[in-house]
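Here's the structure, in structure tokens; my notes come after.
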Amino acid sequence: MTAPALLPLSGRRIPPLNLGPPSFPHHRATLRLSEKFILLLILSAFITLCFGAFFFLPDSSKHKRFDLGLEDVLIPHVDAHKGAKNPGGFLIHGPDEHRHREEEERLRNKIRADHEKALEEAKEKLKKSREEIRAEIQTEKNKVVQEMKIKEKKPLPPVPIPNLSGINGGDPEDDDIRKKREKIKEMMKHAWDNYRIYGWGHNELRPIAKKGHSTNIFGSSQMGATIVDALDTLYIMGLHDEFRDGQKWIEDSLDFSVNSEVSVFEVNIRFIGGLLAAYYLSGEEIFKIKAVQLAEKLLPAFNTPTGIPWAMVNLKSGVGRNWGWASAGSSILAEFGTLHMEFVHLSYLTGDPVYYKKVMHIRRLLQKMDRPNGLYPNYLNPRTGRWGQYHTSVGGLGDSFYEYLLKAWLMSDKTDLEARNMYDDAIEAIEKHLIKKSRGGLTFIGEWKNGHLEKKMGHLTCFAGGMFALGADGSRNKAGHYLELGAEIARTCHESYDRTALKLGPESFKFDGAVEAVAVRQAEKYYILRPEVIETYWYLWRFTHDPRYRQWGWEAALAIEKHCRVSGGFSGVKDVYSSTPAHDDVQQSFFLAETLKYLYLLFSGDDLLPLDHWVFNTEAHPLPVLHLANTTLSGNPAVR
Ligand code: DMJ
């Protein structure tokens, strides 16, 4: 006996009811739309009926509505000694009462007529053929698209532009350094050209399979993540043809009206950050317009009981949710805490305070919360506003929250003292509880997990060397100490590279007995073209000009060239302790946005993107300092 078609067998999904011709899969979606449309009509008729019926009920039933303790709000004035109560609870006397009855009668007639009209319309619709309904839906859709296009074209308000010095230049005087810089540029060309050939429009590239690649952080659509992430690196390297090519794709093909669920954090740091940086560097309006369009799509993620955004949002429906793996349905500190820089710029550029308000609300909420040992746990539930698991990390899940506190202060021309104080408090607690020295004298940053310190440091945590150096100036009288701490972290992270076969760092490494700065578990031995160690070398180079940072950076560049370069681009490797490692076949977009940019800057003069005018977001996209005289949220008519 065969089972009925709609019964689920062996856990398989019930196939959706397909009323369209099988050869045109898109019909399925269209027919569902038509069905929805009919259902909607029937529903609206039903609601009208209920609404009408309500008015025809005897008065006593309506009075019950006001017995809910809402009188004070809903009834403007009630005097129990005068006249009768009308159905809405108002007092009516004499001729007024007569007028009121007439008014009531008129209202009833109108509701009856509307009700009949709605039923007639519904009947008419039901008589229409599928094609007619489909055409009507299409017309409606076109109308909406047209309206959106008009909105998209609306020029954004002109605003004053901060001092954009150091966009070009940085030519090294030393011949050896110039050659190294040229080599990094050539690596960028190789990564870009292959993406251009094999992955164009896809989010990332599979350099060995020579085809497009994506992960769930970018959703299900081709959003050209590599193009957007790479733009500013192309620009500062003087790869202007490639830059224009990317710009053209963005103008023609970057579309955010897609039914796709994306990571709010990743889209913010890579796309909004990338577009804003491209706008500031090139002055091309299209980047600003696209950044604002995308930001609008992210706003529904903030519709939670606390205003702490969901980790993911569907760009079309605006429905948000959190990662299934996060503790107790929580949002992640490093995700909702890494929006500030981009959102302040969005408010600055549009004159619309909505973005600024969202991130300031998050900050206020965090300020009010108790922190165990002064540490911020990585998990916060957006429904209850309570911390999830007590796990604190300066690496994954926590990292860029601390980075953005410091950078909010820098980006405000050092006027946002609230951010600076939060940063200083947080760093003091981190130093007290998480930073230790190994037996062999290496300073490391561990992770706090339910009351004990795990002596493990991630590649991601290595960015903190640069952060400490960047925050040294302006600290609570401890500038020398933080510069030194940054240098110690840089040394530890360099050791994590140096103690491998490939001279590339593992994803995470331990400090356990005899083991120091080495990965123990197989699952932690990979290198995926991450930038954090090179980022720290660059900051330390800028602040100290100690040649060891250029030397270490060059070692890393050569190792990448030797072990990660393949004919179709650059790939991560699965085991840095094996001299013949397998490739993971992914060219991450951050390799072009960050790793190669930091390397290029390491071999450039300090006049390229000087740190007193530019602040790099966590994806290495440079955003200008908003000098106090220029900051306005009202979009005043000064010009670029
Ligand atoms: C980048 O996307 C960003 O630097 C982010 O803050 C965390 N790490 C990746 C690269 O490793």
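If you read the sequence from its start, that first residue is 1, and numbering goes on from there. Order of appearance sets the numbers: ligands from 1, and atoms from 1 within every ligand.
No donor-acceptor distance shorter than 3.5 angstrom exists from the side chain of Thr461 to the backbone of Val394, with no hydrogens or angles considered.
Against a heavy-atom cut-off of under 4.0 Å, Leu460 is close to the following atoms of ligand 1: 7 (C), 8 (N), 11 (O). The ligand atoms of ligand 1 that sit less than 4.0 angstrom from a heavy atom of Glu619 are 1 (C), 2 (O), 3 (C). Close approach of ligand 1 to Pro531 (heavy-atom distance below 4.0 Å) involves ligand atoms 10 (C), 11 (O). Close approach of ligand 1 to Arg270 is summarised as follows: ligand atoms under 4.0 Å from at least one heavy atom of the residue are 2 (O).
From the protein, the heavy atom lying nearest to atom 4 (O) of ligand 1 is Thr618 O, 2.8 Å. Atom 10 (C) of ligand 1 has its closest protein heavy atom at Glu532 OE2, 3.3 Å.
For Glu403, the closest heavy-atom approach to ligand 1 does not fall below 4.0 Å. Using 4.0 Å as the threshold, Glu535 has no heavy atom nearer than that to any atom of ligand 1.
Separating the CD1 atom in Ile236 from the CG atom in Leu231 is a distance of 12.0 Å, to the nearest 0.5 Å. For the atom pair OG (Ser438) and CZ (Phe511), the distance works out to 6.0 Å, reported to the nearest 0.5 Å. How far CG of Asp575 is from OG1 of Thr500: 9.5 Å, rounded to the nearest 0.5 Å.
Residue contacts with ligand 1, taken as heavy atom pairs separated by less than 4.0 Å, do not involve Ala334 at all. For Glu594, every heavy-atom contact with ligand 1 shorter than 4.0 Å involves the side chain, none the backbone.
Partner Asp473 forms a salt bridge (charged side-chain N to carboxylate O under 4.0 Å, His left out) with one of Lys414, Arg420, Arg542 and no other, that one being Lys414.
Between Tyr376 and Tyr402, the two ring planes are perpendicular [angle over 60°; tilted spans 30° to 60°]. The aromatic rings of Phe616 and Trp538 lie perpendicular to each other, with more than 60° between the two planes, well past the 30° mark.
Contact annotation: the side chain of Lys574 never approaches that of Lys525 to less than 4.5 Å [non-hydrogen atoms, C-beta and beyond].
Close N/O approach between Arg530 and ligand 1 is found [any backbone or side-chain N/O within under 3.5 Å]. Not a single N or O atom of Ser400, backbone or side chain, sits closer than 3.5 Å to an N or O atom of ligand 1.
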